[in-house]
Amino acid sequence: MPDWKKLIAAKTALAKQGAKLRSPRLVKKTDKNSIQSRTPPGQTLVKNFPVLDMGIQPNITPEDWTLTVFGMVDNELTLDWAALMDMPQIERVSDFHCVTRWSQLDMDWHGVLVSEILALAHPQSDAHYVTIHGYDGYTTNLPLSALMDDDVLVAHQVLGKPLTREHGGPVRMVVPKRYAWKGAKWLKGIELHRYDRPGFWEVRGYHNEAFPFEEQRFTDDE
Ligand SMILES: Nc1nc2c(c(=O)[nH]1)N[C@H]1C(S)=C(S)[C@@H](COP(=O)(O)O)O[C@H]1N2
Ligand SMILES: [Mo]
């Protein structure tokens, strides 16, 4: 078993104090307004896609993988790899912002719109919040409406290749408008609720909304 207390303390310290990343290849600062305006306050651009998780990286093959949509839905469903591949495949290029203060721009995610998967499940009218579950036991929470955005994907490919295990392969979620902890790696379930239920980091003081341009890192960062 990993030493949870130690891991959590270390990660929280990293996010609070700023970037002491192991060896990020820092992107040269440019004068380009577009890049500057796309970089949230307190973030440093990187090009090397660091790995961030609790140190448990479940080994899920496409054959093993399923995604279940459950809770307040009229049509609870489980998709396997073949079912996911049968859905419309899209690409979305978006920016990735980790609360530990690195951002990587122009990530080319491939996958399926979460809104399309949710539509198949027929959310009940009083379902307003979701818990996203990972195979490592990780959870994170969002308003259901946040998953309807056109850039929110169940993704199986990035940077031109299938998602590696360390980055959440075979399938993860990406929610580009929020800090990256809102996107579960090794995606296993989407659970719909009437009321909000804080996830793994959210019960440990991370901000419930997590908008990077508002620097909503911790609950006390209003
Ligand atoms: N299942 C799961 N998903 C997770 C995490 C995790 O520990 N478990 N960590 C989150 C955090 S804090 C970040 S910053 C991103 C990092 O994704 P990456 O490792 O692909 O960079 O994954 C998020 N999704
Ligand atoms: Mo993170």
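Order of listing sets the numbers, starting from 1, for every ligand and every atom in it.
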Heavy-atom cut-off of under 4.0 Å around ligand 1: list whichever protein residues fall inside it, by chain and number.
K11, F49, P50, V51, L52, D53, M54, F96, C98, W102, D136, Y138, H167, R172, A180, W181, G183, A184, K185, W186
W102 and F96: aromatic ring centres closer than 6.0 Å?
yes
Holding to ring pair (Phe, Tyr, Trp, His ring centres under 6.0 Å), I want the full list of residues that pass it with H110, two or more places apart in sequence or in another chain.
none
Enumerate the side-chain hydrogen bond (donor to acceptor under 3.5 Å, both in side chains) contacts for residues 189-200, please, sequence neighbours excluded, ordered by first and then second residue.
D126-R194, T131-H193, H133-E191, N141-D196, H193-R197, D196-N208
Contacts satisfying side-chain hydrogen bond (donor to acceptor under 3.5 Å, both in side chains) that involve residues 77-88 (not counting sequence neighbours) are T68-T78
Expected output: side-chain T219 to main-chain G205 donor-acceptor under 3.5 Å:
yes
Counting N and O atoms only, with roles assigned by atom type, does the side chain of W186 sit under 3.5 Å from a partner on the main chain of R165, one being a donor and the other an acceptor?
yes
